[in-house]
Amino acid sequence: MIENTRLTRRRIGLLVIAAVAVLGVVASPYRTDIRNLFTVGFFNTALTLAVPITLAGVGGLYSEKSGVINIGIEGLLIAAAFTSVLVTGTTVSTVGADNAVWLGLLAAVVVSTLGALLFGVICIRYKADQIIAGLAIWFVFLGLAPFFSRVYWGQINSPTVATFDQIAIPVLSEIPWLGTLLFTNYPTTYLMLIIVPVAWYVLKFTSFGMWVRASGEHPEALDTAGISVNRVRYASIMISGALSGIGGAAMTLSTVGQFIGQGQTIVNGRGFIGIVAYLMGNYNPIGTFGAAALFAGLDALQVRLQQIGFDIAPELFGAIPYMAVIVVLVFFGYTRIPDRAGENYESGDD
Amino acid sequence: MSHSVELTDIRKTFPGVVANDDVSLSVGDGDIHVILGENGAGKSTLMNVLYGLYQPDSGTIRINGEEKRFDSPQDAIDEGIGMIHQHFKLVGPMTVTENIVLGSEPTDSFGIGVDMKTARREVREISERYGFDIDPDAVVEDVSVGVRQRVEILKALYRGADILILDEPTAVLTPDEIESLFEVFEELIDQGKTIIFITHKLDEAMTVADDITVLREGRNVTTLPVEEATNNHLAELMVGDEVLLELNREPHPKGDVLLTVDDLQVANDDTTLVEGVDLTVREGETLGIAGVDGNGQSELSDAIAGLLDADGGSVTFDGEDVTDWDRKRLNDAGLAYIPPDRQEQGLVMNFDHGENVILGEQHTFPIGRRMRDDELAEKIIEEYDVRTSGTGAPAKSLSGGNQQKLLVGRELERDPKLVIASNPTRGLDVGSIEFIHEQLLSVRRDDRAVLLISSKLDELQQLSDRIAVMYEGEIIDTVDPETVTERELGLLMAGQELTDVSPNSDRGEGTSQTAGIDGESE
């Protein structure tokens with residue numbers, strides 16, 4: 001019975017994908033244009049754009065796996081993006097551009113981790129509703145970052161500051177195609193490429209990873225095994241903060257070198273797309289990276305299409321990740337949300 | 001004989017409840033020590049104290065003669081104590097091995113990753129040593145309850161437990177699984193372990209125990225070796241023999257059949273909670289339902305009252321088939337319900353008296369009229385002796401007894417034909433109990449009827465014309481409160497059929513039991 005409905009659902013899902021493919025065929029008269037679109041430079045750009053989404057997503061999945069749904073990562077990205085520009089801009093005259101960007105990155109990680117710690121205290125110490133606390137974190141930084149922009153720079157958008165340079169790794173970067181894609185990148189992109197497999201390994205093969213998974217599925221099991229559920233949850237939330245810190249800094253220091261405070265700020269929903277990415281990736285860091293890369297590719301594609309004069313609404317592209325996650329959650333249904341995610345845990349309850 | 005565990009004068013209170021009242025206990029090394037008692041007798045609390053989940057208010061714990069203080073389960077684990085909880089503490093999507101080593105994982109040579117190979121080998125080793133047949137790579141949520149329990153036991157053994165506490169381990173098992181669990185016990189004892197086994201089932205205690213400790217209402221009634229115990233004696237000790245207040249339940253003629261329950265079934269996802277219950281209640285009669293909590297009484301009363309859907313069978317009330325009626329319709333038809341939990345189900349704690357007394361009638365208020373009835377509230381306060389500061393005081397400002405009187409008053413003031421009262425005097429003082437008993441007797445005097453569900457035997461014997469005993473969803477016997485002894489009731493409640501079937505008893509087959517107790521009425 002259940003198998004059957006799952007099968008029909010999967011069929012509908014495939015149908016949706018087929019419909020998208022048909023759209024592609026409709027676009028086939030522009031075949032040569034399309035070939036010009038998907039250059040190695042395009043993929044390299046997509047990889048850069050994937051960094052904040054991936055890191056926010058991997059951080060968020062650690063938090064949620066431990067039982068704390070952290071939708072505040074959007075706010076943490078904003079805090080990190082702002083801090084990275086502020087610290088880079090103010091230290092550049094004393095330490096030089098090369099060091100200032102690293103100081104900016106470090107400061108972003110510190111501020112974002114502290115923001116996450118605040119979220120953790122609200123949820124764990126004061127047992128607030130996780131979703132409401134997460135929304136609060138988002139709104140607080142959505143308001144504070146543009147405010148401090150005005151305080152420091154007298155305007156809502158910061159001036160341009162120094163940025164990271166793309167580093168070509170000797171020898172490896174000379175491999176045709178792959179060398180340009182993987183080995184000529186910003187430091188933050190390399191960090192992401194290291195963090196994703198490490199995060200996967202830690203979650204799957206280490207004690208801490210096991211505790212994180214147990215904490216979100218059946219915290220009593222962990223508690224009675226003598227491991228503090230709250231400590232595991234604090235640690236996981238702070239990981240989400242640290243990774244969001246790198247992601248937020250990547251958004252400014254590995255691109256334009258500017259914090260934009262207008263509207264949804266420069267972050268513009270990437271934290272939420274990060275959540276979508278880990279849901280699509282079924283809480284697997286590597287799957288999360290895959291989904292994030294897909295969304296980043298769509299983003300890059302949209303920009304490219306505009307450049308070659310293809311007038312397509314960017315809002316429509318912006319909605320694709322969210323539509324995609326609905327299709328995945330409803331029709332494929334393999335995403336398994338941790339059993340006790342969203343529930344505060346009190347030790348000693350029976 | 002050396003004692004591996006000695007608890008002395010353990011006292012543990014929760015707000016408003018004394019769960020353990022100076023309980024002392026000593027468990028011999030290598031013994032199976034059974035802790036026997038009804039639900040709420042304080043068995044689990046005592047064991048959670050021993051396992052470091054609760055800190056006692058006073059009293060001492062000695063392990064192998066040394067005084068210990070357990071601030072967390074980790075401290076107890078370090079002293080070789082392992083606990084297998086009634087509700088398994090297992091992570092469903094993880095494998096058997098992962099669950100067993102959780103929190104004490106062996107690490108690989110780099111000290112970073114978990115060495116799953118070693119873990120799997122160790123799990124297989126202990127599993128074989130105790131004769132368990134378990135696949136270390138099976139995912140826990142895919143295996144049977146019996147296997148999960150073994151995983152829990154292995155978890156404790158993996159951590160080096162010498163003293164195993166099992167909290168109602170048989171509650172979730174099939175008879176076959178129970179038998180093999182007892183074989184596991186033997187294996188564990190052979191390997192030098194000590195077992196503390198918590199249960200409320202007499203025959204299980206008699207089967208496996210070396211010593212039996214009986215707890216009742218948070219106190220240690222007695223500890224005795226199994227050779228000196230008999231089922232009857234244990235049942236008496238469990239249930240107790242409190243001095244009853246004598247009530248004047250004068251004989252009363254019975255009228256027409258008011259409520260007929262025929263082959264009623266209630267089930268949730270995977271278990272049957274009420275299994276083919278038949279009963280009848282006549283006008284002017286009180287039918288008592290006895291049973292240890294959790295044997296289907298609350299589901300039975302909820303199903304009759306229209307709060308739960310029946311999965312089979314029928315309910316006829318006042319000549320009409322009301323099986324599918326909801327609470328509102330039954331309420332309007334004259335079936336009142338005094339729910340077991342006055343604070344969660346009976347009253348709205350933040351509402352004042354005037355608001356609480358209209359609950360159940362609120363739909364009769366036209367839009368725009370104030371949703372309260374102070375006149376009725378005044379009347380209930382007066383007639384039911386509710387001690388309160390006034391009709392405008394919120395229900396939460398009242399004591400438990402006065403909340404209950406307000407609730408009983410509200411339900412009885414509707415002039416119902418039948419009152420279902422579920423544990424109407426739980427947790428009340430003697431004065432309030434007496435008052436509520438008097439009210440229920442007056443319902444019966446007025447040729448109306450009462451269906452009384454209670455875990456208090458004295459209450460049932462004082463108020464009922466007949467007592468039906470529920471066990472595991474079935475009515476296993478119906479007895480005459482005048483002639484039945486508390487011991488017999490205790491045995492029935494523990495699932496043991498009486499060997500000498502009293503002439504008045506009725507096994508609840510068909511609807512032929514209308515005669516009730518012949519000698520007493522008519």
Side-chain angles (χ1 to χ4, degrees), chain A residues 1-3 61 64-67 194-195 197-233 235-236 239 282-285 333-341 343 345-350, chain B residues 12 14 19 44-45 47-49 51-55 70-78 81-95 97-108 110-117 119 139-141 148 151-152 155-156 158-159 165 167:
Chain A
M1 228 347 237
I2 294 162
E3 279 306 310
L61 87 82
E64 188 157 330
K65 267 285 182 190
S66 82
I194 296 165
I195 285 169
V198 168
W200 173 78
Y201 177 83
V202 167
L203 193 62
K204 207 164 158 62
F205 295 108
T206 67
S207 297
F208 177 71
M210 256 171 74
W211 301 346
V212 170
R213 285 182 282 146
S215 167
E217 287 289 346
H218 198 152
E220 293 83 4
L222 197 61
D223 202 5
T224 49
I227 306 290
S228 160
V229 172
N230 286 348
R231 274 160 77 170
V232 170
R233 289 189 170 183
S236 304
I239 286 171
N282 195 18
Y283 298 89
N284 180 333
Y334 60 75
T335 299
R336 186 180 160 150
I337 295 166
D339 214 36
R340 302 281 284 280
E343 274 179 42
Y345 178 70
E346 192 161 1
S347 178
D349 271 0
D350 221 4
Chain B
K12 175 68 188 172
F14 295 104
S44 294
T45 306
M47 289 303 110
N48 283 334
V49 166
Y51 192 58
L53 277 169
Y54 296 150
Q55 277 67 51
F70 296 152
D71 292 322
S72 74
Q74 189 61 53
D75 294 347
I77 293 167
D78 291 344
I81 297 173
M83 183 151 176
I84 289 87
H85 294 86
Q86 190 173 2
H87 306 287
F88 299 149
K89 314 282 185 191
L90 296 174
V91 185
M94 288 191 182
T95 65
T97 304
E98 284 179 315
N99 266 289
I100 290 172
V101 301
L102 182 69
S104 323
E105 305 86 356
T107 49
D108 58 22
F110 302 106
I112 304 167
V114 178
D115 185 353
M116 284 311 282
K117 225 158 140 193
V139 174
V140 161
E141 62 195 356
R148 285 183 209 183
V151 175
E152 278 282 19
K155 224 166 105 178
Y158 180 82
R159 287 165 171 70
I165 307 166
D167 188 0

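Keep in mind that the numbers below use all heavy atoms, side chains included, and drop hydrogens, waters and symmetry copies.
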- Item | Spacing of OG belonging to Ser236(A) relative to CG belonging to Leu61(A), to within rounding of 0.5 Å | 10.0 Å
- For each of Leu90(B), Thr107(B), Ile77(B), Val101(B), tally heavy-atom pairs with chain A at distances under 4.5 Å, and name the one with the top tally. Leu90(B)
- Note on the structure: d(Asp75(B) CG, Ile81(B) CD1) to nearest 0.5 Å is 10.0 Å
- Item | Distance (rounded to the nearest 0.5 Å) between Asn284(A) CG and Lys204(A) NZ | 8.0 Å
- Query: Where on Phe208(A) is there a heavy atom nearer than 4.5 Å to chain B: the side chain, the backbone, both, or neither?
  - Reply: neither
- chain A contacts, top residue of Met94(B), Met116(B), Lys155(B), Glu152(B) (heavy-atom pairs, under 4.5 Å): Met94(B)
- Message: Please classify the contact between Glu141(B) and chain A as side chain, backbone, both or neither, with a heavy-atom cut-off of under 4.5 Å.
- Response: side chain
- Note on the structure: Taken to the nearest 0.5 Å, the spacing of Ser215(A) OG from Glu220(A) CD works out to 10.0 Å
- Using non-hydrogen atoms only, which part of Asn99(B) is less than 4.5 Å away from chain A: side chain, backbone, both, or neither? neither
- Message: Looking at chain B, which one of Ile227(A), Leu222(A), Thr224(A) has the largest number of heavy-atom pairs inside 4.5 Å, strictly under?
- Response: Thr224(A)
- Using non-hydrogen atoms and a 4.5 Å limit, figure out which bit of Ile112(B) sits close to chain A: side chain, backbone, both or neither. both
- Considering all heavy atoms of both residues, which atom of Ala76(B) and which atom of Tyr51(B) are nearest to each other, and what is their separation? CB-O, 3.5 Å
- Between CE of Met83(B) and CD of Gln86(B), what distance do you get to the nearest 0.5 Å? 9.0 Å
